[in-house]
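Structure first, commentary second.
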Protein chains: 2
Amino acid sequence: MATTNGGNGPTSGDGLANGSTPGNRLPASDPAAEVRTAPTTEVRGGRAQPKTDKSEQTRALILETAMRLFQERGYDKTTMRAIAAEAGVSVGNAYYYFESKEFLIQGFYDRMTYEHAADARARMAGRKDFAERLEIALTSWIDCAVEYHEFAAQFFRTAADPTSSLSPFSNESHPARTTAVELFSEVLTGSELAPKLDSELAELLPDLLWLHLMIVVLYWVFDRTPDTERTREFVRRSTPMAARIINLSRYRVFRPIVRDAKDLIQDFILPTIGRTARP
Amino acid sequence: MATTNGGNGPTSGDGLANGSTPGNRLPASDPAAEVRTAPTTEVRGGRAQPKTDKSEQTRALILETAMRLFQERGYDKTTMRAIAAEAGVSVGNAYYYFESKEFLIQGFYDRMTYEHAADARARMAGRKDFAERLEIALTSWIDCAVEYHEFAAQFFRTAADPTSSLSPFSNESHPARTTAVELFSEVLTGSELAPKLDSELAELLPDLLWLHLMIVVLYWVFDRTPDTERTREFVRRSTPMAARIINLSRYRVFRPIVRDAKDLIQDFILPTIGRTARP
DNA sequence: CCGCCGACTTGAACGCGTTCAGCGGTGTCG
DNA sequence: CGACACCGCTGAACGCGTTCAAGTCGGCGG
């Protein structure tokens, strides 16, 4: 559960028709969007389940304030005291709603993931070439992430910590991860490549493409070129190759190695990144 | 963080980042050996270049004490005050020799890397099969790392931080990285596969195999099975595949894709992990 | 109306990593 | 010999993330 996002039913065929006008709205604010809470009990960013309306408001206020300050000053230079002061509450109150400072980052990540999915879907609309769709999806991520590049390191450190429940690797029900994997599922199903693949591979691919994104993210975090141009070029170069490899995998000659790779991925990679065993 | 050098002595200051000698000698042999300083100027774990014999001793004492406490109590529970007290010095003194607490980790990493190289070489001796040699090298790493698994997360967080000069990704002259890449170079050259490969690929491979190790490390950090048995199995399964792919790459059919991959790696992967452009 | 419960809020206090003004000692130069 | 520079070293102090005993307040049963 937890995702409950804008109703992307898996049954919706090619879900590209829906919502998000190509206007490319990046609602940098519009507090309602990501604050919009899963209505029932959910672990959420941090702590207590909201009981009151006021509680929910306070929580949102703290999160919004934190996100604003993070963007203005960067993560390290934003103190919990500053967040509390700016939000007009006490420090302790922030800790009532968020387990730690790092849990506030999740707000960023969730918002970005959501915006990315919407933006990528809009941009992919109509395109049928798989490599092209993949490139759009990845480039779209870079565009959505551009404003957060400065403090991305902090987020990445968090993701690399296996003891942190914030890591998209160790937390299989991480809502942002689910959203992202769904997007890549659409990258595939919307392409002309999808019907040509055997179903077993088609099942693996969304997660693998998400892994591709993770590699891009890794690259992007370390990228210091202006506008992360190098990462963009990396995407332009790596996506056709990915498409080619997938394409080739259909041929007889590669059967044994494809099978081995598939087994390796299915048995050792996917379970580790939060996919339960094969169905 | 803390990048602002307090600026004591604007002229002398801390002369970090000054020319590191190309001296490629691999120091260290026994446990006490990596403490032994590079005789000339080198950036070292943290701060000032040693001038005195006594200085060097104090530095070693602090490092050894820290490493012992880290292993006894874990990283987070070991305070700088405890390290200083246990070593019989003041807190400020520890910071005189080490830029921050994290810089103390490098002692761990350096030691482990060296032990790994020695152990792997010993175990590989006589073996000619490439896949076998690779598996030995990777498994040896797991064996050497076993005692550090508990606080490996901390090290991994550090490695994932692009702003940290401790990251083996962002610091190309990281001595531990050099040592490791050299080992993988021997993995290849000692095998019967080496003479069959074209020289261009043979040049890339050591770094790529090091990347393989990094993936194993990533897997290992998240591995919670006893004795990290799952990672060991992952190594057993992935090494033959790597060998097979390398082997296949020699055949005509794969020319185009191998060429693309080679270019991608050479232009985008290796430079980012600290290899300067192609020679 | 009282009393109590529990969600919500507070801010002083704690422990931590890190900094910094400064101390002694050992040259070195004039 | 005095002045100075500089290395090694000190420990109080700073700012931070985080905790917690102690509130406030609204609602509900009695």
Side-chain angles (χ1 to χ4, degrees), chain A residues 41 44 46-62 65-66 69-70 73-105 154 157-158 164 166, chain B residues 1-15 37 41 44 46-63 65-66 69-70 73-105 154 157-158 161 164 166:
Chain A
T41 58
R44 327 242 300 135
R47 232 149 169 164
Q49 278 77 27
K51 301 292 200 310
T52 326
D53 232 25
K54 185 165 166 247
S55 160
E56 196 53 39
Q57 275 180 314
T58 307
R59 198 197 131 87
L61 173 64
I62 292 169
T65 307
L69 293 186
F70 285 164
R73 322 179 182 177
Y75 182 81
D76 282 329
K77 283 185 189 149
T78 303
T79 70
M80 290 300 279
R81 285 167 177 81
I83 295 169
E86 194 82 2
V89 300
S90 69
V91 240
N93 204 359
Y95 281 92
Y96 181 77
Y97 289 103
F98 298 93
E99 208 167 298
S100 75
K101 190 182 175 187
E102 280 188 341
F103 272 75
L104 285 164
I105 305 180
Q154 186 59 43
R157 281 179 66 106
T158 301
S164 163
L166 287 176
Chain B
M1 44 215 70
T3 49
T4 60
N5 303 349
N8 1 353
T11 55
S12 68
D14 39 71
T37 175
T41 58
R44 326 245 299 136
R47 229 152 173 162
Q49 279 74 30
K51 301 290 200 304
T52 327
D53 232 25
K54 185 171 166 239
S55 159
E56 195 52 39
Q57 275 180 314
T58 308
R59 199 196 131 87
L61 173 64
I62 293 169
L63 182 55
T65 307
L69 292 186
F70 285 164
R73 323 179 182 175
Y75 182 80
D76 282 330
K77 284 186 187 147
T78 304
T79 70
M80 289 300 279
R81 285 166 177 81
I83 294 170
E86 194 83 4
V89 299
S90 70
V91 238
N93 203 0
Y95 281 92
Y96 180 77
Y97 288 104
F98 298 94
E99 209 168 296
S100 74
K101 190 182 176 187
E102 280 187 342
F103 272 75
L104 286 163
I105 305 180
Q154 186 58 42
R157 281 178 68 105
T158 302
D161 184 353
S164 164
L166 288 175

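Chain letters run A, B, ... following the sequence lines, proteins first and then strands; every chain starts at 1.
Side-chain proximity of B:Tyr97 to the nucleotides C:dT9, D:dC9, D:dT18 is greatest for D:dC9. Each of D:dC7, D:dT18, C:dC8 was ranked by its minimum atom distance to the side chain of A:Tyr96; first place goes to C:dC8. Side-chain atoms of A:Tyr95 lie closest to D:dT19 of the nucleotides D:dT19, C:dT19, D:dG8.
Minimum heavy-atom separation, A:Lys101 to A:Asp76: NZ-O, 4.0 Å.
Near DNA chain C, meaning a heavy atom under 4.0 Å from it, residues 80-93 of chain B has B:Met80, B:Arg81, B:Val91 in order of number.
Taking the side chain as every heavy atom from C-beta outward, A:Met80 and A:Phe98 never approach each other to under 4.5 Å. Inter-residue side-chain proximity for A:Ile83 and A:Leu104 is flagged as met; some heavy-atom pair is nearer than 4.5 Å. A:Gln154 is listed as a side-chain neighbour of A:Thr158, based on a closest heavy-atom distance under 4.5 Å.
Under 4.0 angstrom from either OP1 or OP2 of D:dC7 there lies no side-chain N or O belonging to B:Lys54. One finds no side-chain N or O of B:Ser55 lying less than 4.0 angstrom from the OP1 or OP2 phosphate oxygen of D:dC7. Distances shown here put every side-chain N or O of B:Thr79 at or beyond 4.0 Å from the OP1 or OP2 atom of C:dG15. B:Thr58 has a side-chain polar atom (N or O) that falls below the 4.0 Å cut-off from OP1 or OP2 of D:dC9.
Atom OG1 of B:Thr65 sits about 10.5 Å away from atom CZ of B:Phe70, to the nearest 0.5 Å.
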